[in-house]
Amino acid sequence: MKASLIQLEIKETEAHEDLIERVFGLIDGCRGSDIIVLPELWHIGILSYRTIWNFAEEKDGPLMRRISEKAKELGAFIHCGSFVHKEGDKIYNTSLLFDRKGTDIAEYRKIHLFSCYGREADSFTHGTEPVVVDTEFGKLGLAICYDIRFPELFRMMTLGMGAEIFIVPAAWPQPRGEAFKILNKVRAMENSACLLSCNLIGPYKHLTMVGESGVIDPWGEMLTEILPGEGIIEGEASAETVRQTRREFPVFDDVRLMESVF
């Protein structure tokens, strides 16, 4: 599949409505792609947890409806990155995947919420269920940002649910840029899977987002060039490549410690 990853820079002085329009302009620039991926919580602009509820919407709210319509217009799958998902008196950091007809075919609520130096875990409710969805491209496993530090989630998606390609939107800052690169590569390599990583980039309040978005193959090799600023990163990911790798190097045949779990 031809993937387009939108590596986005959030501008502190930009109005929320202008940010939304700018992102949809970038999505239009991905015409011809099979799948388009956005970063984590891109729609909130410069984050303030005091106002996070101002950005919350239900699954069928206006922003997700607009992404659904855009997927149908472009005839492409669109992964929304993630959004502030309101359900009753709780909010979740949720990813939706829309197919070529604009139907949301998968919903993943972030399981691992960041509690170090931040308030994500104080504001959001933890998700509880890993998600793998069967598509025309193969089986796609969904995760969000901090999830990448927890290998058991990816192992469960792979051995327990058959994932072949991971999609990981992120809002990952310095000074942990090297960790982000390594973790994305290792999660792909140790599971003999492809991985699509889509991160924010540039100044963000007192932080700097690291970018490093790209397509990683089952051997942990980055297949796309690193883009130093905002833009669209295009690359190819193939479930058949994953299947061939697993046939030729059947590492899962030697799993012992966790085989009873899966």
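The structure presented is a predicted model; accordingly, all values stated were derived computationally and were not measured. Values below: every heavy atom of this structure, side chains too, minus hydrogens, waters and symmetry copies.
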Review point. Just by modelled atom types, is the Leu113 backbone N or O under 3.5 Å from a matching donor or acceptor in the Glu120 side chain?
Key: no

Check your understanding: Hey, does the Lys NZ or Arg CZ of Arg187 hover above the aromatic six-ring of Phe166, less than 6.0 Å from the centre and inside 45° of the axis?
Key -> no

Review point. Are the side chain of Ser33 and the backbone of Ile36 linked by a donor-acceptor contact shorter than 3.5 Å?
Key: no

Point to revise | No-hydrogen, no-angle side-chain donor-acceptor test under 3.5 Å, Arg109 and Asn93 | key: no

Exercise for review: Spell out, as yes or no, whether a donor-acceptor pair under 3.5 Å connects the side chain of Thr51 to the backbone of Asn54.
Suggested key: no

Review point. So, the side chain of Glu57 versus the backbone of Leu63: is there a donor-acceptor pair under 3.5 Å, distance only?
Key: yes

Review point. Do any pairs count as a ring pair (Phe, Tyr, Trp, His ring centres under 6.0 Å) and have a residue in residues 203-243, sequence neighbours left out, and if so which ones?
Key: Trp219-Phe249

Review point. Is it the case that one hydrophobic cluster holds both Ile182 and Leu196, taking links as side-chain heavy atoms less than 4.5 Å apart, direct or via other members?
Key: no

Practice item. Could you check whether the rings of Phe55 and His43 sit parallel, tilted or perpendicular, using 30° and 60° as the cut-offs? Key: perpendicular

Practice item. Find out if a path of hydrophobic residues (ILVMFWY) with successive side-chain heavy-atom gaps under 4.5 Å connects Ile226 to Leu195. Key: yes

Check your understanding: Do the ring planes of Phe180 and Trp172 sit parallel (below 30°), tilted (30 to 60°) or perpendicular (above 60°)?
Key -> tilted

Check your understanding: Got a donor-acceptor contact below 3.5 angstrom from the Asn184 side chain to the Lys181 backbone?
Key -> no

